[in-house]
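Each ligand, and each atom within it, is numbered from 1 in the order the structure gives.
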Amino acid sequence: MRNNDWTKILGWPGFRVYRSEINEPAKTLKLWVRRKLGKMGCSGCGRGVREIAEVYEREVRDLPCFEYRTRVVVELYRVRCPDCGVKAEKIPQLPSKAPFRKRFEEAVGESCESAAARRVAKQFGLAASTVRSLDLRYLERWAAQRRKSALRQLGVDEIHLGKKQKFLTVASNLESGEPLWFGRERKKETLDSFFEEALNARQRRGIEAACVDRWEPFRQSLEPWSPQCRMVYDKFHIMQHANRAVDEVRRAEFFRKGGQMRGLVKGKRWLLLTRWVNLTAGKRRQLNELFTLNRRLLKAYLLTESLDRLWDYRYAGAMMRYFKGWLDPLRWQRLTPFQKLADMLVKHLDGILNYCQIKVPLGVVEAINGNIKALLRRGRGYKNLRSLLLKAQRLAATRTEFVAFSKAA
Ligand SMILES: [Zn+2]
């Protein structure tokens with residue numbers, strides 16, 4: 001094949017192939033390229049420069065040509081810029097010092113979107129660590145050029161990583177549905193470092209509302225950093241607490257009694273944690289059978305059902321009245337887990353009522369968490385938080401595996 005043809009096939013704007021070498025047994029192809037005549041740019045200031053200080057070669061990996069693994073040897077110049085002195089020329093196809101052409105890095109990065117690093121490494125014949133750093137560069141380039149939405153509604157949540165690593169705090173933009181920052185642990189100091197590292201003063205002033213679960217430590221951080229921000233207690237989190245209370249009642253009423261009672265309630269946990277409207281007729285019947293055996297469990301379930309409707313109210317006054325109506329019968333029912341839940345809700349009543357003024361989208365935080373957990377399961381690991389964050393942002397932006405918002409709420 002003529003060099004001219006190779007130049008067309010390679011498709012490297014501004015460069016032409018002047019030598020090629022095919023190794024048939026090894027199935028490799030090597031192409032030597034040099035620039036066509038034209039102006040060179042200084043990588044320091046960008047101006048056109050004529051004087052060459054040095055010629056050198058760099059070998060990079062490119063996409064394969066059919067079955068042939070392809071490497072390209074590029075002739076490069078260091079130019080003498082009148083302003084910057086001796087500088088390397090700027091080559092858009094070589095975005096980093098690593099031995100890969102840009103489009104090769106992009107192909108690897110795209111593969112990493114749907115497969116674990118180890119699998120991509122096998123596919124491209126690279127070390128897994130190389131794939132990871134390559135993917136990180138790919139994501140950094142994507143993050144640098146994309147538009148970022150303004151932060152008006154902040155979500156703060158945590159992900160439990162396990163006994164050793166404990167918690168990961170996730171700060172997210174509730175309107176755009178993307179994670180903004182990850183921090184280890186879940187203390188006041190954790191959120192402090194988010195405000196300090198990730199936001200400037202103008203961004204901190206722009207936050208109108210924050211949805212949090214861990215009230216006290218996060219309030220202590222939010223108040224000084226973003227005093228105008230209103231805290232909204234997320235429905236999703238409150239319903240999680242309510243579900244936990246139902247589960248406690250279930251265990252106290254059935255499990256601790258052992259034997260036959262225990263068998264009756266086995267496998268019914270999921271039913272009890274699902275809202276009535278989402279159950280099929282068959283499942284409703286199963287629940288009703290359970291309720292005829294134990295009235296306290298029925299009461300617990302009904303309390304959760306009616307608490308769920310609290311967020312149907314649009315006015316703080318009406319919401320408040322409904323909440324009082326929910327609290328009153330609790331006094332006579334001696335359901336300790338719900339008594340505890342009620343105490344907590346009364347304590348954070350302002351945050352619950354704030355929802356009437358600021359309609360934060362419900363369930364977004366949960367959807368974001370679902371994505372992060374999926375990434376963790378897929379073996380992204382959490383040693384490199386930056387990489388995990390970029391990955392999760394990319395997932396949110398492309399919506400490739402997004403958990404439906406409506407379902408989460
Ligand atoms: Zn220059």
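Rounded to the nearest 0.5 angstrom, Gln286 CD and Leu272 CG are separated by 10.5 Å.
Taking the ring centroids of Tyr301 and Phe291, they lie under the 6.0 Å cut-off.
Of the N and O atoms on the side chains of Arg137 and Ser96, at least one donor lies less than 3.5 Å from an acceptor on the other residue. Between the side chains of Glu223 and Ser221, no donor N or O sits under 3.5 Å from an acceptor N or O.
Under the side chain to side chain donor-acceptor pair (under 3.5 Å) criterion, Glu106 pairs with no residue, sequence neighbours left out.
When all heavy atoms are compared, the tightest approach of Leu174 to Pro361 is O-CG, 3.5 Å.
Protein N/O/S atoms closer than 2.8 Å to the Zn ion (ligand 1), listed by chain and residue number, are Cys42 SG, Cys45 SG, Cys81 SG, Cys84 SG.
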